[in-house]
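A quick note: this is a predicted structure, and the numbers were derived from the prediction, not measured.
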Amino acid sequence: MARQLTDLLSGLNDAQREAVTAVDGPILVVAGPGSGKTRVLTHRIAYLIEERGVGPDEILAVTFTNKAAREMRDRIERLLGRSAEGLVMGTFHSFGVRLLRQNPGLVADRLGILPNFLIYDDADQVEVAKRAIVAVGLDPKQLAPRRMLSRISAAKSLLVSPEEFAQQTETYDDEVVARVYREYQRTLRKANAVDFDDLLALPIQLFDEAPASLARYQERFRYILVDEYQDTNRVQYVLVSALAARHRNLFVVGDPDQSIYGWRQADIRNILDFEKDYPDAKRIHLELNYRSTRRIVDTADRVIRENTQRIDRRLRTENDDGEMVAVRELADQNHEAQFIVGEIRRLVRTGNLSGDDFAIMYRTTAQSRVLEEAFRVSDIPYRIVGGVRFYDRKEVKDVLAVLRLLHNPADDVSLGRIIDNFPLGRGFGPRALDTVSAWAAQNGVPTLEGFLSLAPGARPPAPPPQLSGSAKTAAQRLGTVFARLQEEAGQLTLASLFDAVVERTGYKESFDHDKEEEMQRYANVMELRADLEKYDLLEPEDALPTYLEQVALVADVDAMDDDGRGRVTLITLHSAKGLEFPVVFIAGVEEGLLPISRAIEAEFHDPLPMEEERRLFYVGITRAKKLLYITYAGSRVTYGRFQSSVPSRFLANIPDECVRSLGRRPFDRDRSAGRLQDRVRVGLEPARSTAPVPTPAAWRPTASYQPAQRVFHPKFGEGVITDVTNRGGDQELAITFARHGAKRLIASLAQLDLIS
DNA sequence: AAGAGATTTATTTTT
DNA sequence: TAAATCTCTT
């Protein structure tokens with residue numbers, strides 16, 4: 001016992017030790033980046049179990065991603081030297097599902113949601129929103145379903161029901177949202193489906209309806225821990241508060257400076273007001289950074305210091321100074337990607353580093369394209385976190401739609417998908433679907449029943465829908481196939497069910513074996529089969545629901561740890577939160593990208609989005625342990641158009657002592673938008689319009705090229721200069737490109753970059 | 001109802 | 001630029 005105690009507490013600093021051993025009552029830990037908060041969380045849980053005799057099943061720990069939960073559980077089990085069975089650890093959303101699954105009777109009775117409910121993902125939600133817009137007699141083309149959805153989601157995150165929303169409308173637009181919201185919710189329920197926000201809101205409704213069930217959980221969870229508390233929203237706050245009300249042993253960890261989910265209704269006040277909610281709370285600060293070099297820490301500190309909405313504190317470290325932060329301007333996004341690939345190659349060669357030591361971070365997923373292309377040709381292994389998830393690929397979603405419909409016959413969104421995309425639905429158009437839907441509505445049954453009623457041997461509740469011609473044939477075919485699949489669904493393993501699905505729906509044959517692209521998509525479908533096989537170990541009746549739930553709740557980062565070894569990571573700044581890498585590149589640090597244009601537009605009436613952008617940059621900087629590169633391009637192609645860009649204002653705050661410019665031109669702080677801002681503030685110039693946006697020709701270095709130099713051209717790629725002819729102040733270059741052969745180019749016009 | 005061809009839209013971030 | 005959506009023809 002004593003041995004273990006020293007193990008659990010050794011190597012912790014005073015503040016960390018205090019956080020681990022302060023057992024009872026509300027505790028707020030404000031933890032800067034790299035200050036060991038994961039260590040504190042894991043050691044604290046192990047300490048509770050080992051030293052305080054707390055049962056693992058009396059502890060609830062909420063993390064931001066499933067990956068974090070998995071890793072923490074592993075670390076705890078390693079500390080304990082045994083399994084931590086019973087410990088409830090996961091994201092808010094997975095915990096929400098768990099609550100709903102554990103109370104099927106109450107959930108059905110009080111909330112009207114049957115146990116076979118599905119979790120609708122983003123695309124499904126858009127579809128439901130569209131249908132809702134149509135149903136209230138409006139036009140989805142004018143209303144932007146996505147915008148409706150974000151308003152609805154915001155309302156749900158604030159626990160505002162459709163009825164409450166309707167009562168507090170102020171503008172015409174609000175009224176429209178209210179109507180769509182109501183219909184959206186009705187459509188979801190009719191499909192026996194829930195969305196992400198419901199996973200948090202429904203447990204609260206359940207507790208309202210059945211206080212005894214709340215009391216049970218309150219009693220059970222003597223200790224509750226919440227990570228990334230700065231990113232919790234209202235629903236999450238209410239849920240945690242309710243659960244912690246009985247024992248009040250609530251331990252929250254967060255960093256207001258890393259709050260980057262304001263757009264998801266994350267409310268920084270949850271952490272700032274913690275001590276108001278719990279006047280007896282103990283507050284512990286973890287400030288010393290163990291992760292990064294001194295220069296990286298100082299850079300981060302100076303950048304975040306510019307924010308006004310924050311608690312003043314200083315980030316510090318006792319680590320070595322380390323290398324300078326490298327800032328590099330590139331001609332365009334291709335050069336930027338090329339530069340990054342080149343640097344990585346160089347560092348791998350000379351610096352004893354491997355691919356997985358590197359991460360490239362960017363603000364928007366669109367930026368990953370060019371980077372990915374550069375890595376693809378470079379043959380450096382890489383992986384992309386974010387972008388299109390495996391489960392979001394069209395062909396995968398198609399097959400999943402069938403499985404979902406088999407699990408939940410009310411799932412009209414999946415039914416629609418099947419009709420649109422499967423050979424099975426051929427000959428069956430929108431008008432015919434209207435007929436069947438109307439029939440189903442009339443009889444109060446799911447739309448699928450309309451099809452089943454046409455299958456041979458069916459005993460429908462009413463005369464089947466009136467169809468004719470190709471629509472009738474198609475509907476009969478679909479009904480017959482589904483009737484049979486439904487029978488088999490309970491008996492077959494998932495893999496065999498998969499086989500039956502792709503065979504009988506004609507999906508398998510729909511791939512053209514002569515087209516490479518289609519074969520790739522077919523390969524994805526088969527990968528789904530391999531995925532399904534893993535679930536055949538479960539009880540047959542659990543396999544499908546467990547699988548579908550897992551599919552709905554995996555985040556991009558969750559899927560990350562599979563075969564990440566040796567690969568460079570390409571990741572959005574948002575997804576990078578909580579991760580660390582020896583070498584980090586932050587790409588596209590330009591006005592309009594980081595900060596994102598919308599934050600710039602909003603700045604004059606609302607400074608908060610801009611501050612969030614700055615925090616995002618801060619999150620990126622603090623991911624780096626040893627080396628940090630910041631790159632920006634002088635111009636980039638957006639929507640297929642060239643646009644020149646201005647270095648981000650955030651660059652102006654990096655201290656001279658920490659930064660060095662790479663390349664021929666020094667990094668010119670005065671051209672970054674930060675300095676322009678100053679001028680704007682004193683009223684010398686209007687914003688942006690007169691900003692000295694440099695034209696490419698004007699700022700391109702007038703380097704004199706020489707034969708044998710290696711260069712990079714945005715279109716032609718890598719090449720070697722074979723001949724140089726001087727023409728006045730300019731040069732005409734003969735270049736042999738690796739992939740495009742010999743070209744003659746004018747030095748001042750060709751957007752060339754020297755590569756080492 | 002289906003496919004070809006024209007046109008228009010999109011890029012903020014995600015559980 | 002590429003993907004999604006619309007329009008027109010059969």
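Between Arg146(A) atom CZ and dT11(B) atom C1' there is a gap of 12 Å when expressed in whole angstrom units. Rounded to an integer number of Å, the gap from Leu149(A) CG to dT14(B) P is 16 Å. Going from atom CG of Leu593(A) over to atom P of dT12(B) covers 10 Å, rounded to whole Å. If you take CZ of Arg641(A) and P of dA2(C), they are 15 Å apart, rounded to a whole angstrom. Rounded to whole Å, the distance from OH on Tyr639(A) to P on dT12(B) is 6 Å. What separates CZ of Arg521(A) from P of dA3(C) is a distance of 12 Å, to the nearest Å. For the pair Asp231(A) CG and dT13(B) P, the interatomic distance rounds to 16 Å; values are reported in whole Å. Glu373(A) places its CD atom 14 Å from the C1' atom of dA2(C), with the value rounded to the nearest Å.
In the set dT12(B), dA10(B), dA1(B), dT12(B) carries the atom at the smallest distance from any side-chain atom of Ile596(A). Picking from dT12(B), dT11(B), dT14(B) the nucleotide with the shortest atom distance to the side chain of Glu613(A) gives dT12(B). Nearest nucleotide to the Phe196(A) side chain, out of dT14(B), dT11(B), dT15(B): dT15(B). The nucleotide whose nearest atom lies closest to any side-chain atom of Arg264(A) is, among dT11(B), dA1(B), dT14(B), dT14(B). In the set dT5(C), dT12(B), dA1(B), the nucleotide with an atom closest to the side chain of Lys130(A) is dT5(C). Here the side chain of Arg363(A) is nearest to one of dA2(C), dT12(B), dA1(B), namely dT12(B). Closest approach to the Thr572(A) side chain among dA1(B), dT11(B), dT14(B) is made by dT14(B) (side chain taken as heavy atoms from C-beta onward). Proximity note for Arg431(A) (side chain, C-beta onward) versus dA1(B), dT15(B), dT12(B): the nearest is dA1(B).
Not one side-chain nitrogen or oxygen of Ser597(A) sits closer than 4.0 Å to the OP1 or OP2 atom of dT11(B).
With ring centers used as reference points, Phe428(A) lies under 6.0 Å from Phe451(A). Between Tyr229(A) and Tyr237(A), the ring center distance fails the sub-6.0 Å criterion.
At a threshold of 4.0 angstrom between heavy atoms, the contacts of Tyr261(A) are confined to the sugar-phosphate backbone, with no base atom among them. Residue Thr365(A) is classed as a sugar-phosphate contact, given heavy-atom separations below 4.0 Å to backbone atoms only. Residue contacts for Arg426(A): at a heavy-atom cut-off of 4.0 Å it reaches the sugar-phosphate backbone alone, with no base atom in range. Within 4.0 Å (heavy atoms only), Ser575(A) reaches sugar-phosphate atoms of the nucleic acid but no base atom.
Position along DNA chain B of the nearest nucleotide to Thr638(A) versus His93(A) favours Thr638(A) as the more 5'-ward residue. Taking the nucleotide of DNA chain B with the nearest heavy atom to each of Gly425(A) and Val554(A), the more 5' of the two is matched to Gly425(A).
A salt bridge links Asp198(A) with Arg189(A): the distance from a Lys NZ or Arg NE/NH1/NH2 to an Asp or Glu carboxylate oxygen falls below 4.0 Å.
Across dC6(C) and dT11(B), the matching P atoms stand 16 Å from one another, rounded to whole Å.
Using N1 to N3 plus N6-O4 or O6-N4 for Watson-Crick, or N1-O2 and O6-N3 for G-U wobble, each under 3.5 Å, dT13(B) pairs with nothing. As the counterpart of dA1(B), dT10(C) is assigned, both hydrogen-bonding distances of the Watson-Crick or G-U wobble pattern falling under 3.5 Å.
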Side chain to side chain donor-acceptor pair (under 3.5 Å) evaluation trace for Asp332(A) with Ser635(A): CA-CA 5 Å; Asp332(A) 60 39; Ser635(A) 72; 5.2 Å; no
Salt bridge (charged side-chain N to carboxylate O under 4.0 Å, His left out) evaluation trace for Glu612(A) with Arg615(A): CA-CA 5 Å; Glu612(A) 186 157 309; Arg615(A) 291 195 292 267; 3.5 Å; yes
Stepwise salt bridge (charged side-chain N to carboxylate O under 4.0 Å, His left out) check, Arg70(A) with Asp74(A): CA-CA 6 Å; Arg70(A) 251 194 328 263; Asp74(A) 282 352; over 6 Å; no
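Proximity of a side-chain donor or acceptor of Ser648(A) to a complementary backbone N or O of Val589(A) within less than 3.5 Å is not detected.
dT13(B) has its base stacked against the ring of Trp263(A), the centroids being under 5.5 angstrom apart at an interplanar angle below 30°.
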